[in-house]
Amino acid sequence: MPRPLIATIHLDAMQHNLARARACARGAKVWAVVKANAYGHGLERAMRGFADADGLALVEVDYAVRLRELGWTKPILLLEGFFDASDLPVMAQYGLNGSVHCEEQIALLAAARLPHAIDVHLKMNTGMNRLGFTPDAVAGAYARLRAMPHIGTITLMTHFANADEAAPTRLPLAQQMLRFEAGAASIGAGVGTSLPRSLCNSAGLLLHQLDSDWVRPGIMLYGGTPSGAPGGTSAQAFGLLPTMTLRSSIIGIQDIAAGDVVGYGSRYEAAGNIKVGVVACGYADGYPRHAPEGTPVLVDGVRTGLIGRVSMDMLMVDLTHVPGARVGSSVTLWGQGMPIDEVALAAGTIGYELMCALAPRVPVNEA
Ligand SMILES: *Cc1c(COP(=O)(O)O)cnc(C)c1O
């Protein structure tokens, strides 16, 4: 019998969440973001789950090529653009759109001889100070790109740092939009303001009403919320469904008494008689090792909590109040019945990190 740990990917939930994103998009076309192996869900599965998207966006050039080989014919966007001159002929050959975010990329484009034009997203840094041209520099970048015969459509793009917060003390979305509009207007004679725009990530879509031509949802398509913040709206309240359920089984039980300790470092000490269940799932499967006591786990449909340190292949849970639990009982680490945002919050991280960290050794099926 195989080890009982398995991740189930719910393709119908992916389709459902994409429809939710579209309903928030105010008519914009939707790039379904599938970077990082589709947030751990598998590229080929994402291609099927998001078959209705207008395009797929990711950062890995080789995975973009793979999408074409798998038969994706609609647009593909490289969110970080290209990394090297050798990527450019690949982009032209496979029809990949790329973001252009720095002078070095423009220099590489200027030097390239390409058989087909490529469409680009010209990225503006509106305050996040990650990638992009400042609003002051964007008109110059636009002019240089527009003069190149092998550049097709130019779309203006920016990325929001705090779209998930209602009233952030730093860099609210409105401030980023003011800078974006100033940058767009600086591309003269009404040209910049009429260029297509690519604006919102999931947080922007769920919590703001912006008009644009393209939106770029990621986490909401996988049934997670952008921040998982306490007090924030839950994925369920946003009408999103979990797309990945990580399940395992109880493989051992220990009845222990007051003063007995559990696991490496003996972090947990029992205050009284308790029943400890051992679950086949550990940090080598992608479960966060830093998850503290009480991180929620579902056993036989009953909510209980983690006890002791997570080991490489196992973790322990409290079965004292799960009366029917036995070896073989079903355990849900996250997904249907156990929101990934709650597990992430308890473990001091975000759902994104848990999904992306699902280890290759975990078998995956579809439902
Ligand atoms: C990852 C990414 C997104 C998607 O963000 P989510 O928070 O997952 O919706 C959108 N745009 C860019 C540029 C990204 O890198």
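Each ligand, and each atom within it, is numbered from 1 in the order the structure gives.
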of all protein heavy atoms, closest to atom 11 (N) of ligand 1 is Arg216 NE, 2.9 Å

Problem - Polar atom proximity, Gly218 to ligand 1 (N or O, under 3.5 Å) - result: yes

Atom 12 (C) of ligand 1 has as its nearest protein heavy atom His159 CE1, 3.4 Å

Within the 4.0 Å heavy-atom cut-off, what Pro217 brings close to ligand 1 is backbone

Ala21 and Leu221 have their tightest heavy-atom pair at CB-CD2, 3.8 Å

In this structure, atom 8 (O) of ligand 1 is nearest to the protein heavy atom Tyr39 OH, 2.5 Å

Ligand 1 atoms nearer than 4.0 angstrom to some heavy atom of Ile219 are 6 (P), 8 (O), 9 (O)

Contact region, Lys35 to ligand 1, non-hydrogen atoms below 4.0 Å, reads side chain

Once the angle between the rings of Tyr222 and Tyr39 is folded into 0 to 90°, is it parallel (under 30°), tilted (30 to 60°) or perpendicular (over 60°)? parallel

Atom 9 (O) of ligand 1 has as its nearest protein heavy atom Ser202 OG, 2.5 Å

* To do: Ignoring hydrogens and angles, tell me if any N or O in the side chain of Arg267 forms a donor-acceptor pair with the backbone of Gly308 under 3.5 Å.
  => yes

| task | May I ask you to check whether Arg197 and Thr155 show a side-chain donor-acceptor distance below 3.5 Å? | result | no

Work out whether the distance between some heavy atom of Ala203 and some atom of ligand 1 is less than 4.0 Å.
no

Rounded to the nearest 0.5 Å, the CD atom of Glu60 sits from the CG atom of Leu67 at a distance of 9.5 Å

Margin query: Is a donor from one side chain sitting under 3.5 angstrom from an acceptor on the other, for Asp300 and Ser329?
Written below: yes

Notebook entry, point to check: Below 4.0 Å from any atom of ligand 1, is there a heavy atom belonging to Tyr352?
Noted result: yes

* Please indicate whether any nitrogen or oxygen in Asn201 is less than 3.5 Å from any nitrogen or oxygen in ligand 1. => no

Mind checking whether Tyr222 has a heavy atom under 4.0 Å from ligand 1?
-> no

In this structure, NE2 of His101 is separated from OG1 of Thr158 (nearest 0.5 Å) by 13.0 Å

Report, as yes or no, whether the 6.0 Å neighbourhood of atom CE on Met312 holds more than 12 heavy atoms from other residues, nucleotides or ligands.
no

